Protein chains: 2
Amino acid sequence: MFMTSGAEIERLIQLLAKLPGLGPRSARRVALQLIKKKETLLSPLAEAMAEAAERVTTCSECGNVDTTDPCNICASSSRDVSILCVVEEVGDLWALERAGTYRGQYHVLGGTLSALDGIGPNDLNIAKLTERAQSDEVVEVILAMNATVDGQTTAYYITDKLEQSGVSITRLAHGVPVGGELDYLDDGTLSQALKARQPF
Amino acid sequence: MFMTSGAEIERLIQLLAKLPGLGPRSARRVALQLIKKKETLLSPLAEAMAEAAERVTTCSECGNVDTTDPCNICASSSRDVSILCVVEEVGDLWALERAGTYRGQYHVLGGTLSALDGIGPNDLNIAKLTERAQSDEVVEVILAMNATVDGQTTAYYITDKLEQSGVSITRLAHGVPVGGELDYLDDGTLSQALKARQPF
């Protein structure tokens, strides 16, 4: 084992290598850059991480991560409480927020049902969703799961669960991505786009 | 600006995006992963960074980074003090250490001469190198700069500087990389490998 640069640097590299998208080689590059920019990057990042570790929590209402519980979105008075958008992960919630058109509430499942990985309904934030959907305020639940097998399986399961609550259940539209070229699209997407064609 | 997830998370993402190899998108992915693995990744990494920021320093002898000054390599009694290997950056020193065959001392320049970037001899750790080379202990200086224009310019400049110190100056061999295929090598490397051919 390579140990000429002190246990502290070695430990930093090993932890950095666990981050998604970084391997041992890029972790070393990141560590060197951090050490080089100690004042402007390493110290601020250490502080930001310590603060995040201390303050970030999961919203008990929707499953979003934030420094407050309930989170900023759940606590906001300017958002429509009659619509719930169900997403798999917090990253999906961020993506929808970046798009900037949705003004309702969210519900983060924390994953998808997966027989292969042994993830059942009790491992996801589903009980809370059925509870929220039964509230009188909610009139629509949008299922915004990924268009994967696991995502769609989860969507069907939730549809089943919410049947009796009387809310209207919708899903995101399938179709040609904005800026996309037909020639590069898969057959399934093209068929869906054709079936769901709209008046021009 | 997207600000639904709290200023702390936003700040963490912005700092992560400054790391080499990470952009805004991958920084968000890293931030989510960190928050998800708060106990096993975020907190330890925050601690490791704080400790590195506090303890890591530059060796006043050779320019290496370590938690001690002089660094572990300069302070080691098992290393050959008669050979100095001059490298551009600490990353090059790490690469040579990983190779595991060199048992001498190092000297880190902290970059290369570059007229374009306005980097002159006084911006590099060259004065200290000439001082070290004049010591009676040192008999050989290996120039292990990158085989780039700037690296080789720096090597020539240092050769000039060290001429009067009487040490023998060597450079790394050019040739076919181990595991490399001739067909994919550039002409310059092939010519050098042919010129420097060795008895089999």
Side-chain angles (χ1 to χ4, degrees), chain A residues 2-9 11-16 18-22 26 28-58 64-68 71-73 76 89-91 93-95 97-98 100 110, chain B residues 2-9 11-16 18-22 26 28-58 64-68 71-73 76 89-91 93-95 97-98 100 110:
Chain A
F2 155 66
M3 278 293 293
T4 38
S5 55
E8 285 81 4
I9 300 178
R11 179 165 163 70
L12 180 62
I13 295 172
Q14 275 170 12
L15 284 168
L16 286 170
K18 289 185 187 170
L19 297 179
L22 293 188
S26 40
R28 283 196 296 269
R29 202 155 60 98
V30 167
L32 270 178
Q33 185 79 348
L34 283 169
I35 291 168
K36 221 174 189 178
K37 301 189 174 175
K38 209 196 273 187
E39 303 307 324
T40 59
L41 196 54
L42 180 52
S43 298
L45 195 52
E47 275 168 41
M49 283 186 175
E51 198 160 348
E54 195 189 325
R55 298 192 49 190
V56 170
T57 180
T58 303
N64 186 14
V65 291
D66 205 335
T67 44
T68 54
C71 71
N72 275 317
I73 296 178
S76 168
E89 299 282 1
V90 175
L93 185 159
W94 289 2
E97 282 299 292
R98 280 198 304 280
Chain B
F2 155 67
M3 276 295 290
T4 39
S5 56
E8 287 81 3
I9 300 179
R11 180 165 162 70
L12 180 62
I13 294 173
Q14 274 170 13
L15 284 167
L16 285 170
K18 289 186 187 169
L19 297 179
L22 293 189
S26 42
R28 281 197 297 269
R29 203 154 59 98
V30 167
L32 270 178
Q33 184 79 347
L34 283 170
I35 291 168
K36 221 174 188 177
K37 301 190 175 174
K38 208 195 271 186
E39 303 306 324
T40 58
L41 195 55
L42 180 53
S43 298
L45 194 53
E47 275 168 40
M49 283 187 175
E51 198 161 349
E54 193 188 326
R55 298 191 51 189
V56 169
T57 180
T58 302
N64 187 14
V65 292
D66 205 337
T67 43
T68 53
C71 69
N72 275 318
I73 297 178
S76 167
E89 300 283 359
V90 175
L93 184 159
W94 289 1
E97 282 298 293
R98 280 199 302 282

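Quick note: numbers below take in every heavy atom, side chains included, and nothing from hydrogens, waters or symmetry partners. This one's a predicted model, so the numbers in the text were calculated from it and none came from an experiment. The chains referred to below are lettered A, B, ... by the order of the sequence lines, with proteins before strands, and numbering in each begins at 1.
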- Item | Side-chain heavy-atom pair Gln33(B), Arg29(B) within 4.5 angstrom cut-off | no
- Any chance you could measure Glu97(A), atom CD, to Asn64(A), atom CG, to the nearest 0.5 Å? 8.5 Å
- Query: Where does Arg55(B) contact chain A at under 4.5 Å (heavy atoms): side chain, backbone, both or neither?
  - Reply: side chain
- Query: Which region of Leu45(B), side chain (C-beta onward) or backbone (N, CA, C, O), has a non-hydrogen atom less than 4.5 Å from a non-hydrogen atom of chain A, or is it both or neither?
  - Reply: both
- Message: Please rank Pro44(B), Ala31(B), Ser76(B) by heavy-atom pairs under 4.5 Å with chain A and give me the top one.
- Response: Pro44(B)
- Sole candidate of Ile35(A), Leu34(A), Leu12(A) that passes side chain to side chain contact (heavy atoms under 4.5 Å, CB included) when paired with Val56(B): Ile35(A)
- Rounded distance [0.5 Å steps], CG in Leu22(A) versus CG in Leu19(B): 8.0 Å
- Heavy-atom distance under 4.5 Å between the side chains of Cys71(B) and Val65(B), does that happen here? no
- Query: Is it the backbone or the side chain of Lys36(B) that comes under 4.5 Å from a heavy atom of chain A, or both, or neither?
  - Reply: side chain
- Message: Between Lys18(A), Glu51(A), Lys38(A), Glu54(A), who has the most heavy-atom pairs with chain B when the cutoff is under 4.5 Å?
- Response: Lys38(A)
- Query: Out of Gly100(B), Gly21(B), Ala46(B), Ser26(B), which one racks up the most heavy-atom pairs below 4.5 Å with chain A?
  - Reply: Ala46(B)
- May I ask you to test the Met49(A)-Leu16(B) pair for a side-chain heavy-atom distance under 4.5 Å? yes
- Task: Against chain A, label Glu89(B) side chain, backbone, both or neither, depending on which of its atoms sit under 4.5 Å from a heavy atom there.
- Result: side chain
